[in-house]
Enquirer: 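Once you've had a glance at the structure underneath, I'll fire off some questions.
Lettering of chains follows the sequences in order, A, B, ..., and the numbering in each one begins at 1.
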Amino acid sequence: MLGQFEHMVLLVILRQGSESYSVDIVQELEAHTGKEVATAAVFVALQRLREKGYLKDRLDEPGPDGGHARRYFKLTPKALHAMRGARANYLSLWDGVETQLDGRGK
Amino acid sequence: VGADEEQAQNALAELWVVHVKKHGAGSARVWYWRQVAGFVLRVWMFRRRQLPRNADSGQMWGSGDRALSEGVASWVRAGARVVRQAVRSLLRQPGFTALSVLTLALGIGSTTAMFGVLNGVVLRPLTYENANELVVLWPETVTNMRAVEWLAAETRSIAAMAAMSPADFSVTGDGPGDRISGARVTTNYFDVMGVRFRLGRSFQADEAEPGRSNVAILGYGLWQSRYGGDVTMIGRTIRLDHVPYTVIGVLPRDFRPLEEHHQVWVPQAVERGTTVATDETWWMQTRIGRLSAGATVEGAQSEFRATAGRLAHTFPEEIDAGSAERATVLRLRTALVGGYERTLWVLLCIVGLVLLIACSNVTNLLLARAEASQRDLALRTALGAGRRHLLVQLMAESLVLGIVSGGIGLLLAWGGIRAFRIVAPSELPRANEVAIDGAVLLFALAVAVVTPFVFGLVPALRAARSDVRGILAEGSRGVGGSVRRVRLTAGLIASEIAMAVLVVTAAALLLRSLSNLRSVDPGFNGDRVLTFQITVPPDPADPGSGPDMSTYRALWLNLAATPGVEAVGGIHILPLGTGNNRYPYWADDHSWPAGSPPPAANIRVATPGYVEAMGIEQVEGRWFVDADRIESPPVVVINRTLAARLWPNESAVGKRIWLLDRASEPWQVVGVIGDVKQMGLARDANGEIYLPHDQWRWAAMFATLRTSVSPASLVPAVRRTVAQTDERITISRIAPMPAILRTSLATNEFVTGLTTVFAGLALALGIIGVYAVTTYAANRRLSEFGLRMALGSSPARIIESALTRDLRPVGLGLVIGFGAAWMTTRVLSSMLYGVEPFDLIIYLAVAAAIAAAATFASYVPIRRATKLDPMIVLRPQ
C-alpha cells in the first residue's frame with residue numbers, strides 16, 4: 001500500500017517527466033498544495049520509496065559553476081504498477097460520491 | 001540517512017534562496033529553523049523504525065568470520081567515505097585549505113629537515129660494528145705507546161684498547177706530490193674498530209716493531225682518487241714523506257674515519273724493550289676502547305681512573321696524577337658529536353615552536369570556519385549525524401590537511417637537507433651522513449599524523465558540541481561571537497606571540513653574538529693574504545735534522561719574487577686553525593714550587609717575513625731576521641699576553657725562557673708582538689712563544705703571502721714557483737685568509753642563520769595569525785562599528801578601543817614570552833659571545849618589534865572596517 005504522502009511524491013515525479021530533483025519536488029508539492037512542505041518529509045519519503053524499490057536514483061556530476069552534485073530520482077516499473085493500482089482503487093472508491101462533497105462540510 | 005545528508009543540506013540551501021526572494025530574509029530564517037526541526041524529528045523517527053530490523057539481520061548473519069570480514073570491509077568502506085567527504089569538503093574551500101596546507105607544510109617541512117640533521121649527525125648509530133661498545137678513553141691527555149699497552153692490560157672493563165695519532169704525509173710517486181692526512185695507530189686499531197677490509201688485511205702485532213712498520217692501509221677515497229681503485233694495490237709500494245711503504249690493505253667504502261679527512265694509516269713503531277718511562281712516542285692523542293661484555297661506561301670510567309692513577313703512581317715523572325684522577329671515558333658517539341648534540345636539539349626545539357605557531361594559526365582558521373559553517377553543522381547534527389560522526393568527519397578533514405601538508409613538508413625537508421649539505425660548516429661531524437632515511441620518513445609521518453590532533457581536536461570538539469538549540473538560541477549573529485570562542489582565540493594568539501617572542505629573542509641574541517664575533521680583532525690583517533701548506537723533504541746529507549733549510553730559503557725568495565706578492569712569511573700552525581702545540585716553559589724571575597708542573601704556552605715556529613706578511617703589531621723589540629740561524633744564539637718572540645703575565649712592569653726584551661726542560665739552553669726574548677687569535681675568535685689569546693724556523697726546524701709550514709691582487713688569483717703562479725723551486729715540495733690546503741676567517745665562524749653563522757630563518761617564520765606566522773584574527777573580529781563587529789559611528793563616535797575612538805581589545809592577548813603573549821625566554825635562553829649561553837642570555841636591550845628591541853608588527857597587523861583590518869559606510873554596514877542586519 002502506498003502512503004498518501006508517498007503517493008503525492010510519486011505523482012510529482014511522474015508529472016515532472018523522466019527525472020526529478022528533491023528541490024523541484026518540494027516546490028511542485030508546495031505549488032499544488034499551497035502549503036509549506038517539510039523538506040525532511042520529502043527526503044524521508046524518497047528514502048523509503050527507494051527502499052521499497054519504487055525509485056531509482058543517480059548522482060549527477062557537479063555543475064561547472066562549482067555547484068554540488070544533485071541526486072535525481074526516477075520511477076521504476078514497480079512504482080508505475082503500484083500507482084496504477086492505487087489510482088484504480090481511489091477512482092472506484094470515489095465513483096458516485098463526488099457530488100456529496102458539495103453540500104456537506106461547507 | 002547518511003549520504004543524503006549533503007543532498008539535504010544543498011536542498012535546504014537552494015530553497016533558502018527561493019524563500020529569501022519570495023518572503024524576505026526574516027521569514028526565511030524562521031522557515032529554515034522550522035525545516036531543521038522537521039529533520040530532527042523525522043530522521044529520529046525514521047531511525048527508530050529501522051533499528052530493530054538491522055538488529056535482526058545482525059543476529060541472523062552475525063557469526064563467524066564472514067561477519068567479521070564484512071565488518072572490516074564495512075569499516076574500510078566507511079573510512080573511505082569519510083575521507084572522500086573530507087577531501088570534498090576541503091576542496092569546497094580552496095582558500096582556507098591552501099592557507100592551512102601552506103602554513104602546516106612550512107612548519108612540518110622545517111621541523112622534518114631539522115630532525116634529519118639531528119638524526120644524521122647525532123641519533124643515527126655510528127657505522128662501526130657494535131659502535132655502542134666503543135669508547136674514547138682519557139681524551140684530555142696524550143700518552144705514549146707503552147702507556148696505552150699498560151692501561152689496556154690493567155683495565156678489565158675494556159676488552160681492547162687502541163690508540164691513534166693524526167699525522168700528515170707527503171705522498172709522492174704515481175703522479176704529482178700531494179699532502180694527505182692520516183694517522184699513526186696501534187696495530188690493533190682496525191680490529192678494535194671492527195672493520196672488514198675491502199682489500200688485503202689489517203696490521204699485525206709485529207708490524208709495530210721498527211724496521212717492519214713500513215706498511216700502510218689506504219682509505220677508500222684515496223685508493224679511488226689517486227690509484228684509480230686498482231685492485232692490485234696490495235703489495236705495491238707508495239712513498240709517504242719520501243719513505244717507501246708497502247700497501248697491505250684498503251678500507252671499505254662505508255668506513256668513516258674518526259677524523260673525516262684521514263686517508264692513510266700506518267702503524268706507530270715502538271722500540272723494543274722500552275717502558276712507559278723510556279718510550280719516546282709521546283704523541284698518541286686518541287685512545288679508543290671496546291667495552292667488555294656487560295661493562296658500563298660509568299663502571300669503565302671509575303675502573304680506568306683507578307688504573308690511570310696506578311700508572312701515574314708507577315711513573316710519576318711521566319704521567320700527571322691530577323690528570324689521571326680526572327680521566328674520563330666517553331662513548332665514542334658522545335666524543336664525536338657531543339659538542340653539537342645540544343645545539344642541534346636546541347635548534348629542533350626552536351623549529352618545533354615554529355610548528356606549534358603554525359598549528360595555532362590553523363586552529364584559528366578552523367574555529368573561524370566552524371563558526372561560519374555552524375548552520376551546516378547544526379543541520380548535520382539534526383540529520384542524525386551524531387556527535388561522534390561529526391567529530392570523526394572534522395578530524396578526518398584535519399588529518400587530510402595534516403597528511404597533505406606532511407607530504408609537501410617532506411618535499412620542503414628534502415630541499416632543506418640538500419641545502420644543508422651545501423652550507424653545513426665543515427667542522428660539523430657526519431654532516432655528509434645527513435639524508436632522508438627511514439627514521440626521517442617515520443618522523444615526518446608521525447608529525448603529519450599528530451599535528452592534526454594538536455590543531456584540529458579543539459575546533460572539532462567545539463563544533464561537535466554545538467547543538468541545534470544553542471545555535472537557535474544564538475540566532476542571528478551577535479556582536480562578538482561566543483564568549484568561549486573569543487577566549488580561545490585570545491589564548492591562541494597569546495601563545496603564538498609568546499612562542500614567537502621566544503624564537504625571535506633566541507635569534508636576536510645569536511645575531512648579536514655573531515656581530516660581536518665579527519668585530520673581534522683577530523690580531524692580524526688577512527684581507528689580502530693567501531695561505532697554503534708546504535712540506536720540504538729532508539736534507540739528503542742529514543735526514544735526521546729536519547727539512548732542507550736551503551730549499552726553504554730558496555722557496556721564500558722565489559715566492560717573494562712572484563709578481564703580485566708583497567711579503568712572504570711562514571708559520572707552522574695558522575691562526576684560527578685546528579691543532580696546537582703547547583710546551584712547558586720556565587722564565588727569568590719566576591720559580592715554580594717543586595713538584596707542581598710548570599705552566600705551558602702555545603709554541604709557534606715562524607719565519608722572518610711572517611709578521612710583515614700578516615700585518616701583526618710589533619709591540620716591543622724586534623721580530624726574527626734572517627740572521628737568526630741555527631748557529632746563532634737562540635731567540636724567541638713572545639706575545640703581549642705572555643709578556644704582561646711574566647714581566648708586567650718591565651720590558652720583556654732581554655729576558656730568558658727555557659722550553660721543555662729547565663736544564664736546556666735558554667732562549668732570549670728579543671721582541672713582543674700583538675696577540676693573535678690562534679684558537680678561534682671567541683677564545684681569548686693564550687701566552688704564546690714564537691721560535692725562528694731555522695732554530696726549530698719544522699718540515700711542514702704554512703706560507704702566508706701578502707698580495708697586491710686578489711689572493712686566489714695568485715694560486716697558479718704560486719704552484720709554478722713552488723714546482724720550479726723543487727719538484728719534491730708538496731703543496732696543499734690552499735686558502736685565502738678571509739676564507740679561513742669565514743670558516744672559523746661557520747658554525748656560529750650556521751646556527752645563527754638557521755635560528756634567524758626560523759625566527760622569521762615564527763614572526764611571519766605569528767603576525768599572520770594576529771592579522772587573520774583581527775580581520776575576522778573586525779568583520780564580525782562591522783555592525784557595532786557602524787552603530788557607534790552612526791551615534792557620533794569618531795573613527796579614531798573606535799579604532800582605539802578595538803585595538804586595545806585586540807592587542808590585549810598580544811600583550812599577554814609578550815609577557816609570557818619574555819618570562820619563558822628569561823628561563824630558557826640560558827641554554828644558548830655556550831653559543832653566545834659578548835652578550836648575556838638576559839640582555840635587556842635585546843629583549844626590549846624584540847618586544848618593540850613584535851608589538852609594532854602586531855599593532856600594524858591589527859590596525860589595518862580595523863581601519864578598513866571603520867572606513868565602510870555605516871548605513872551599508874547596518875543594512876543586512
Enquirer: Where on Val37(A) is there a heavy atom nearer than 4.5 Å to chain B: the side chain, the backbone, both, or neither?
Expert: backbone

Enquirer: Give a yes or no on whether the backbone of Ala69(A) and the side-chain of Gln7(B) come within a donor-acceptor separation of less than 3.5 Å.
Expert: yes

Enquirer: Taking side chain as everything from C-beta outward and backbone as N, CA, C, O, which of these in Leu59(A) sits under 4.5 Å from a heavy atom of chain B? Side chain, backbone, both or neither.
Expert: side chain

Enquirer: Which heavy-atom pair separates Ala40(A) from Gln35(B) by the least distance, and what is that distance?
Expert: N-OE1, 4.2 Å

Enquirer: Could you walk me through whether Tyr32(B) and Thr39(A) satisfy the side-chain contact (heavy atoms from CB on, under 4.5 Å) test, starting with their C-alpha distance in whole Å, then the side-chain angles of each, then the deciding distance to 0.1 Å, before giving a yes or no?
Expert: CA-CA 10 Å; Tyr32(B) 182 85; Thr39(A) 316; over 6 Å; no

Enquirer: Within residues 19-28 of chain A, which positions have a heavy-atom distance to chain B below 4.5 Å?
Expert: Tyr21(A), Ser22(A), Val23(A), Val26(A), Gln27(A)

Enquirer: Is the CZ atom of Arg15(A) crowded by more than 12 outside heavy atoms at less than 6.0 Å?
Expert: no

Enquirer: So, are Glu30(A) and Lys22(B) salt-bridged, with charged N and O less than 4.0 Å apart?
Expert: no

Enquirer: Please flag which part of Arg34(B) lies under 4.5 Å from any non-hydrogen atom of chain A: side chain, backbone, both or neither.
Expert: side chain

Enquirer: What's the spacing between Gln47(A) CD and Arg42(B) CZ if we round to 0.5 Å?
Expert: 15.0 Å

Enquirer: For His81(A), does the NE2 atom have more than 12 heavy-atom neighbours from other residues, nucleotides or ligands under 6.0 Å away?
Expert: no

Enquirer: In the structure I gave you, are the side-chain heavy atoms of Leu12(B) and Phe43(A) within less than 4.5 Å of one another anywhere?
Expert: no

